[in-house]
Amino acid sequence: YPGLYDTISYSFGQIFFLINKDFYIEYLAELMHFSNFVFALLGVLGLFLLTKKLFNNDIAIIAALITLLNPFFFGHMGINPKDTVLFTFLIWTIYYLIEYLEKINVNRLKYLIILSIMIGLGSNTRITFLSLLFPLILFGLYYVWINTKSIKIIFIDLFTISIITFLLII
């Protein structure tokens, strides 16, 4: 597995090391679990916002509660350093892909960069993350082509996504 999330998680722990070395030594495992828990909650927040964008507030609340109360998800929230983090990056990737597609003719650069970062972070958690995105990438390419009729935009944006993702993976 690539190690960017582990680096982020241990960097979080190092902040506590700088503040209180004894606390860090005694509670290192708990700090790592807390980091996983925070990422899982960010995923549920992303799911809420994505579902609210696609449907409405009531459905978003129900979707977030069902996900949060699902025993498999809830059981993995604090202990699984890959799957819940991958869920978080996948949800935020989809959210920012939709934002990017909505702004394709106006202000796409900001969302393109954030989308690229989410893809890079997800890929650096588990490289198979890219296979999850394959249908979304095809849909996105089709949508961009239909709305812009510009092969130049498609190549520039794909190049930008590839470079940022590659830089986050290495």
Side-chain angles (χ1 to χ4, degrees), residues 1-13 32 34-55 59-60 63-64 67-68 70 72-73 76-170:
Y1 293 119
L4 183 64
Y5 172 71
D6 296 326
T7 303
I8 292 169
S9 182
Y10 279 96
S11 296
F12 171 74
M32 298 304 104
F34 181 73
S35 175
N36 295 339
F37 183 74
V38 168
F39 268 88
L41 287 179
L42 288 173
V44 173
L45 173 66
L47 177 67
F48 172 81
L49 294 174
L50 177 64
T51 311
K52 183 177 176 183
K53 175 180 269 309
L54 295 175
F55 300 105
I59 292 175
T67 301
L68 188 61
N70 181 322
F72 293 110
F73 186 81
H76 284 262
M77 280 177 65
I79 61 169
N80 191 330
K82 298 295 179 200
D83 295 329
T84 53
V85 175
L86 202 67
F87 163 78
T88 299
F89 292 134
L90 180 63
I91 291 296
W92 284 107
T93 296
I94 295 169
Y95 180 83
Y96 283 110
L97 175 65
I98 291 170
E99 288 287 329
Y100 163 76
L101 294 174
E102 288 176 346
K103 311 286 192 295
I104 192 67
N105 292 316
V106 185
N107 185 16
R108 74 181 197 280
L109 184 61
K110 176 174 94 172
Y111 297 107
L112 178 69
I113 291 172
I114 296 171
L115 171 64
S116 302
I117 290 170
M118 290 298 126
I119 293 172
L121 291 172
S123 300
N124 209 315
T125 303
R126 185 174 286 157
I127 199 69
T128 56
F129 180 77
L130 293 174
S131 66
L132 296 173
L133 298 181
F134 185 69
L136 293 173
I137 291 169
L138 290 178
F139 169 76
L141 289 172
Y142 175 74
Y143 186 88
V144 171
W145 174 252
I146 293 298
N147 287 290
T148 64
K149 300 289 188 214
S150 171
I151 198 79
K152 180 180 174 185
I153 288 176
I154 291 173
F155 280 120
I156 290 172
D157 290 359
L158 279 176
F159 181 75
T160 304
I161 288 172
S162 299
I163 293 298
I164 293 173
T165 300
F166 178 74
L167 290 174
L168 285 170
I169 290 175
I170 59 170

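Worth saying up front: this structure is predicted, and the values here are computed from it rather than measured.
- The shortest distance between side-chain heavy atoms of K82 and D6 falls below 4.5 Å.
- For K52, the side chain to side chain donor-acceptor pair (under 3.5 Å) test picks out no residue, with sequence neighbours left out.
- Using a distance-only test at 3.5 Å, with no hydrogens or angles considered, a donor-acceptor pair links the side chain of T88 to the main chain of F39.
- Salt bridge absent: E99 and K110 never bring a charged side-chain N and a carboxylate O closer than 4.0 Å.
- Enclosure of atom CZ in F73 by more than 12 non-hydrogen atoms of other residues, nucleotides or ligands within 6.0 angstrom is indicated.
- To the nearest 0.5 Å, the span separating OG on S123 from CG on L133 amounts to 6.5 Å.
- The two residues F48 and A64 come nearest to each other via the heavy atoms CB-CB, 4.2 Å.
- Within a 6.0 Å sphere centred on NZ of K149, other residues, nucleotides and ligands contribute more than 12 heavy atoms.
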- Message: side chain to side chain contact (heavy atoms under 4.5 Å, CB included) for D157 and V144? Distances and angles first, verdict last.
- Response: CA-CA 10 Å; D157 290 359; V144 171; 5.5 Å; no
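- Counting only heavy atoms from C-beta outward, the side chains of F159 and I163 approach each other to under 4.5 Å.
- Rounding to the nearest 0.5 Å gives a distance of 6.5 Å between CE of M118 and CZ of F89.
- Closest of all the heavy-atom pairs between V44 and F87 is N-CE2, 3.9 Å.
- Atom CD1 of I153 sits about 4.5 Å away from atom OG1 of T148, to the nearest 0.5 Å.
- Between I170 and L167 the shortest heavy-atom distance is CG1-O, 3.6 Å.
- Listed by first and then second residue, the ring-ring contact (aromatic ring centres under 6.0 Å, His included) pairs involving residues 92-112 are W92-Y95, W92-Y96 (not counting sequence neighbours).
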- Query: Going through the distances and angles, do I119 and L130 end up as a side chain to side chain contact (heavy atoms under 4.5 Å, CB included)?
  - Reply: CA-CA 8 Å; I119 293 172; L130 293 174; 3.9 Å; yes
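- Results of the side-chain contact (heavy atoms from CB on, under 4.5 Å) test with L115 over L97, I94, I98 single out L97 as the only residue that passes.
- Side chains of N36 and I79 form no contact here, defined as non-hydrogen atoms less than 4.5 Å apart.
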- Message: Could you go through M77 and L41, starting from their C-alpha distance and side-chain angles, then the distance that decides it, and tell me whether this counts as side chain to side chain contact (heavy atoms under 4.5 Å, CB included)?
- Response: CA-CA 8 Å; M77 280 177 65; L41 287 179; 3.7 Å; yes
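- Here the side chain of N147 pairs a donor or acceptor atom with the backbone of Y143 at under 3.5 angstrom.
- Side-chain contact between I164 and T160 is present, with at least one heavy-atom pair separated by less than 4.5 Å.
- Looking at V85 and R126, their side chains never come closer than 4.5 Å, going by heavy atoms from C-beta outward.
- Side-chain atoms of L47 and L68, non-hydrogen and from C-beta on, never get closer than 4.5 Å to each other.
- L109 has its side chain within reach of I113: a pair of non-hydrogen atoms, C-beta onward, lies under 4.5 Å apart.
- Rounding to the nearest 0.5 Å gives a distance of 11.0 Å between CD1 of I156 and CD1 of I151.
- Of all heavy-atom pairs between G120 and I169, the closest is O-CG1, 4.3 Å.
- Between atom CD1 of residue I91 and atom CG of residue L50 there is a gap of 5.5 Å, rounded to the nearest 0.5 Å.
- For F12, the CZ atom is densely surrounded, since the number of other residues' heavy atoms within 6.0 Å is greater than 12.
- Between A40 and T84, the shortest heavy-atom distance links the atoms CB-CB, 4.1 Å.
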